[in-house]
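Here's the structure we're looking at; comments come further down.
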Amino acid sequence: MNYMEWFSLGLALVLLEVFVPGVYLVWFGLSAFATGILTIYNDFGAIEQSVIFGAFSVVFAVAGWFVYAKVVKRSTGAEKYKYLNDMAGQHIGKTYLLAEDASDGRSKAIVNDTVWIVECEDGLKKGDRVKITGVENGVILKAVKYRSTD
């Protein structure tokens with residue numbers, strides 16, 4: 001391939017990134033651009049060009065992974081929307097009333113206009129306030145007796 005074909009491939013991959021979810025084709029597009037630049041000044045064979053493209057792809061993908069890891073770590077929005085599509089996870093840290101007495105380590109908590117199964121200690125009675133501490137299998141809330149000092 002000559003340099004114009006590499007530039008065309010790079011442009012196609014970068015533009016395709018707009019239509020494909022995620023951020024990975026852009027790194028291969030940049031690798032194609034870099035390979036194209038090298039083929040301007042050197043006469044590489046097909047195997048050499050493939051190896052160069054593969055090496056650039058690894059370098060750009062790893063660099064991109066570190067860049068996005070830093071961006072996500074600095075982002076405050078990620079924590080804010082942590083449980084956006086996790087209906088059970090949205091209840092972690094909140095307190096609710098029990099709808100019935102606990103037996104065999106389970107009860108039901110009144111959550112808005114419905115009830116959720118909660119795993120809690122035996123001995124809790126209907127009307128006790130519990131704090132949700134976790135989720136099991138996306139449908140069972142783990143709870144402990146709420147103490148106002150929590």
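Heads up: numbering here begins at 1 and tracks the sequence.
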Joint cluster assignment, Tyr41 & Ile52, ILVMFWY side-chain distance < 4.5 Å: yes
Chi angles and distances behind the salt bridge (Lys or Arg N to Asp or Glu O under 4.0 Å) call for Lys145, Glu121: CA-CA 8 Å; Lys145 183 170 175 78; Glu121 60 210 40; over 6 Å; no
Validation row: Leu98, Val130 side chains within 4.5 angstrom (heavy atoms): yes
Main-chain N/O of Met1 paired with Gln49 side-chain donor or acceptor, under 3.5 Å: yes
Note, Val58 side chain near Phe56 side chain (heavy atom, < 4.5 Å): no
Contact check, side chains of Tyr96 and Arg129, non-hydrogen atoms, under 4.5 Å: no
Smallest separation among heavy atoms of Gly105 and Asp122, with atom names: N-OD1, 2.7 Å
Joint cluster assignment, Val59 & Leu25, ILVMFWY side-chain distance < 4.5 Å: no
Thr39 and Asn2: CA distance, side-chain angles, deciding distance, side-chain contact (heavy atoms from CB on, under 4.5 Å) verdict: CA-CA 7 Å; Thr39 56; Asn2 64 25; over 6 Å; no
Connected via hydrophobic side-chain network under 4.5 Å: Phe28 and Val26: no
Atom of Val115, atom of Ala99 and distance for their closest heavy-atom approach: CG1-CB, 4.2 Å
NZ-OH distance between Lys70 and Tyr68, expressed to the nearest 0.5 angstrom: 14.5 Å
Interatomic distance, Lys125 atom NZ to Asp101 atom CG [nearest 0.5 angstrom]: 5.0 Å
Verdict with supporting geometry, Ile92 and Val135, side-chain contact (heavy atoms from CB on, under 4.5 Å): CA-CA 8 Å; Ile92 295 175; Val135 176; 3.9 Å; yes
Atom CZ of Phe44 with >12 non-hydrogen neighbours under 6.0 angstrom: yes
Asn42, CG: over 12 other non-hydrogen atoms inside 6.0 angstrom: yes
Heavy-atom pair of closest approach, residues Ser107 and Cys120: CB-SG, 4.0 Å
Leu30 vs Phe60, side-chain contact (heavy atoms from CB on, under 4.5 Å): CA-CA, chis, key distance, verdict: CA-CA 7 Å; Leu30 293 175; Phe60 280 114; 4.3 Å; yes
Exercise: identify the closest heavy-atom pair between Val118 and Ala109: CG1-CB, 3.7 Å
Phe33 and Phe7 aromatic ring geometry - parallel, tilted or perpendicular at 30°/60° bounds: tilted
Minimum-distance pair of heavy atoms, taken over all atoms of His91 and Ile132: O-CB, 3.3 Å
Closest approach of Trp27 to Gly64 (non-hydrogen atoms, all atoms of both residues): CZ2-CA, 3.4 Å
Cluster check Phe53, Tyr24: I/L/V/M/F/W/Y, side chain < 4.5 angstrom: yes
Lys/Arg-Asp/Glu bridge criterion (N-O < 4.0 Å) met for Glu100, Lys126: no
Intermediate values then yes/no, side-chain contact (heavy atoms from CB on, under 4.5 Å), Leu97 and Asp128: CA-CA 6 Å; Leu97 296 176; Asp128 284 347; over 6 Å; no
Leu16-Leu9 co-clustered via ILVMFWY side chain contacts under 4.5 Å: yes
Gap separating the CD atom of Glu119 from the CG atom of Asp104, nearest 0.5 angstrom: 11.5 Å
